[in-house]
Each structure stands twice: as C-alpha cells, then as structure tokens.
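Below: the structure, in structure tokens.
Predicted model only: the values in this text are computed from it and were never measured. Counting starts at 1 for both ligands and their atoms, following the listed order.
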Amino acid sequence: MTRVRFAPSRRLRGEVGAPPDKSISHRAALLAAMSVKPVRISNYLKAADTISTLNALRAVGALVEEHEDFVIVRGTGLREAREPGGPIDVGNAGTLMRLLPGWLAAQEGRIFVLDGDSSIRSRPVDRIAEPLALMGAQIEAKGGRFAPFVVYGTRLHAITYELPVASAQVKSCVLLAGVAADGTTSVVEPVASRDHTERMLAGAGVGVRREGLTVSVSRAGELDMQSLVVPGDLSSAAFMIAAAVLVKGSRLLVRDVGVNWTRSGFLRILERMGAIATGSLEDPSATVALCEPTSDIDVSAGPLVGTVVEPGEVPLAIDELPLVALLGCFAEGDTVVRGAQELRVKESDRIAGVVDGLRGLGATIEATADGFAVTGSGGLRGGVIDARGDHRMAMLGAVAGLASDEGVDVVGMEAAAVSYPGFAQDLSRLLA
Ligand code: S3P
C-alpha cells in the first residue's frame, strides 16, 4: 500500500480538465454492447472501474477496440449476449455489478456468474435480485445478498417497481431489463437520482417517459445507440473544486464538466455554504433533454458557513458527501447530512470512514444513523488517514492535507486509480 504525504499548500492556480465521467462511461459501453451497430465513444474513462466494464463486455461477446482518445464497441445486439466460459470479474465497480445483470437477465437460457474484489463482495445485490425476479429472471447470490452471484437469463416481462432506496444503479438495472422485456416497465423512485441511463436510452431510440418520480421504458427491438463524447466527471472534479475553495488564494477553472442537474447537487450545496464556484448549471425543468450538458466551473477560495443537506438532495450529491463533511470542518457553524444511510454500502462504509478519518485529523464530527454532523472550527490539524481501499476516501485525505495545518499522510493512495488515475499529476500541476 502506498502512503503519500499531502503537505499544507499555498494555493491552487490554473485550469484543469476533469477526467471523463465514470457513470456515463460505464453506461455508454454497456448500451453500445447491447447495440448491433458499432459505436464510437470519445473521451471514455480509462480507469480501473471502466476498464473492468470493457473486459466484462468482451466476456459476453462484444468486440472492444481501445484507442488513445476513444473506444469502439461492436455489440452483440439486445438479446444475443454470449454465455462466457467463466465468471465475469467486475473488479471494484459497483455500477457494473448492478447494471450489467439488467441486460444479462434478458438472455434466454444463458447463465452468467459475476464476482469482484473484496469490497464488491460486501456490497448488496439483493436490491437488483428482487426486481429481476419479479420480471421472471433468477439470481442466486451468496447468502442471498452478495457476490459471487449467478444470473439465469430468461424471457422477461414488464413490471412497475417501487424502489425501496433511491439508487440510480438499481433504477438503471430495471430499466435495462425493461428494454428487452415484453411490455412497458416503470420504476418509481422515492427521490430523484442521476438520470444518465434514461437520457442515453432515449438517445438510442427507446421509448422513455418521465412523469414526476416515475420513469418508464418500452420494449425495444434493438438499440440504435449513437456515437458520443463523454463529458468531464463532476464527482472527480469535486476534489479539485473543494481544494480550491479551501486553500487560501486559490483560483481554478475546471473545463467541460457534466452539469446534468441530477449530478450537480454538490455545486448547489457549495453555493449555500458561501463558496464561489460558478458555471452554467442545467435547469431542472429542462430534463427531457437527451444530451448531457457541460460547463466550465470557475472556483475561488473563500469563507464558508455550515449547511444542512436534506434527504431529497442526497442522491444528487451522493459521492460528494464526504467532501461536504470536510468543507464543514472549515465552515463557521454546523454542517449536517441527513438521509444518507446509503453511504454505508459504497466502496467502503463512508459514514464510518469519514467520521473516523476526519476525527483522526482533528475534526469535531459525529456519526448519526443516516449521515454525520460536523462542528466547524475554521481549520483542520492534520495527521494520517486510511483510504480503506476506497478511491474517494483517498482523494478526500489528499484535499484535507492541502488545507490542513500540519499535512496529511494518506495510506492507500493508489485507490484513486479506480476513478481518477491522473489525480496526483493534476494536483501537482495546479500547485506548481
Ligand atoms: C452511480 C450511482 C450512485 C453512485 C455511484 C455511481 C451510477 O450509486 O454512488 O458511484 O453510476 O449509477 P447509487 O445509485 O447506488 O446510490
């Protein structure tokens, strides 16, 4: 494991292009594999998670050419995925583990085994097994809940499914199964979550309807997926944005970041905390869009005040909530996150990791049943933080170090390669 020290820094200056969006890269490759025509995906994320997706798709019969700036996926068609010779390895990628079975469940008479790393083996799959079983497929998971698990493909029928938790991964799994099922499949969300799958399916010619918190897809013959350019990942850029907000004298321009409103909750939370991070964000009333809007984000350092993040906002900023806790340490007053119990089943238990990790650096922070509460003190001492094998925890520790009084040693910094392999290089360029 690599232990990397992030010393208190003077300021971040310059421009950075966010790495390609992980969620959109996974979906683009998957929908391309479900298509019959070749699809060119420009700016595909070349990181551990999304390489796992390309390899998983090869295992089920897609041909994938990797070029420097793009990939070409020649798919099998919607109902012609091949049964692989052995288990499909999803690595560390929860999105792959939850989305791929939606497609595989519709492969009549074929059997697929999925497995992954130790983190994946502790993340629940019963949440996709339940709706897929209602559609007629069968999933046998270890202890009923975990990988390795087996998907028995069959002819699926449409359902209307009320999601017990707000999860874009589960919603997407059901929608992908729904495209190949007989009839119209609907998913009802408790609160809105990221809608990349819906946008991309609509762009591929699928009948997609949205009414309030219900999204429905109609049966498709084949997908007509178009070539696309993946936008920058706001969830990765968020680490640079937070660093620029916290380190005095900083001024940063993040180029071409995806600002789909179902992903940009973090920027709205930042605004409430008094940070200056401006861009042209998407208006929620415009979400019939097929495309993924992008913007540059201009960020300056400045004083912060605490805020309360309510449950309805949580899915719109789910991966950035650890950064909200860090920002809360530097804010005046209390910062509270509610309704975020899903953080317990991410790449690590992010409530425990954030609370123990930041407390170890000098923060006043408490875990609650569904989130955390931070009392800001205007700064952070520093120390050592364990990434717990979680990419976002590693990058959180790095940003904490830059803004701290004494610096932070991050144990397990290599985890950042799961979503942002160029993180350390980008940071050192901005600090130079
Ligand atoms: C993702 C959805 C979120 C997020 C994850 C990626 C996606 O998970 O935390 O990093 O690409 O759909 P849930 O929807 O399960 O909360």
Side-chain angles (χ1 to χ4, degrees), residues 19-31 44-45 47-50 52-53 90-103 116 119-120 122-131 161 163-176 187 189-201 213 215 230-231 233-239 258 260 262-266 292 309 311-324 337 339-351 353-354 370-371 390-393 395-396 415-416 418-420:
D21 191 281
K22 183 158 81 69
S23 286
I24 296 176
S25 293
H26 282 304
R27 285 161 172 79
L30 184 50
L31 265 67
Y44 186 83
L45 175 66
D49 258 20
T50 45
S52 294
T53 291
V90 304
N92 188 249
T95 304
L96 175 59
M97 173 174 75
R98 266 64 171 268
L99 267 62
L100 181 60
W103 179 38
S119 155
I120 278 291
S122 67
R123 301 182 66 186
V125 291
D126 49 345
R127 48 179 61 194
I128 59 163
E130 185 188 286
Y161 188 66
L163 285 179
V165 287
S167 164
Q169 294 178 347
V170 181
K171 172 178 65 174
S172 299
C173 174
V174 179
L175 295 178
L176 294 178
V187 180
E189 301 190 87
V191 291
S193 66
R194 66 188 69 188
D195 66 358
H196 306 304
T197 304
E198 296 91 300
R199 291 186 194 214
M200 211 179 279
L201 283 173
L213 292 171
V215 54
V230 177
D233 196 326
L234 181 56
S235 299
S236 298
F239 293 96
N260 173 327
T262 64
R263 279 295 289 287
S264 51
F266 177 64
E292 293 284 353
V309 176
E313 276 184 291
V314 162
L316 312 179
I318 185 78
D319 294 334
E320 294 71 67
L321 295 176
L323 280 169
V324 173
V337 172
Q341 54 278 9
E342 275 298 293
L343 289 177
R344 296 238 181 245
V345 290
K346 294 297 173 188
E347 286 81 332
S348 67
D349 175 342
R350 288 189 182 150
I351 293 182
V354 163
D370 62 351
D390 182 335
H391 55 131
R392 300 204 199 277
M393 292 301 300
M395 293 185 279
L396 177 78
V418 157
S419 59
Y420 196 165

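Listed by chain and number, the residues in a side-chain contact (heavy atoms from CB on, under 4.5 Å) with S172 are R27, L99, T197 (sequence neighbours excluded). For A28, the side-chain contact (heavy atoms from CB on, under 4.5 Å) partners are I41, M200, M225, L228, not counting sequence neighbours. Among residues two or more places apart in sequence or in another chain, the side-chain hydrogen bond (donor to acceptor under 3.5 Å, both in side chains) test is passed with S25 by none.
The minimum heavy-atom distance between M395 and S419, with the atom names listed, is CE-OG, 3.6 Å. The two atoms that bring P164 and Y161 nearest to each other are CD-OH, 3.6 Å, heavy atoms only.
Within 4.0 Å of ligand 1, heavy atoms belong to protein residues S23, R27, T95, S167, A168, Q169, R194, I318, D319, K346.
At least one donor-acceptor pair closer than 3.5 Å links the side chain of S119 to the backbone N or O of E347.
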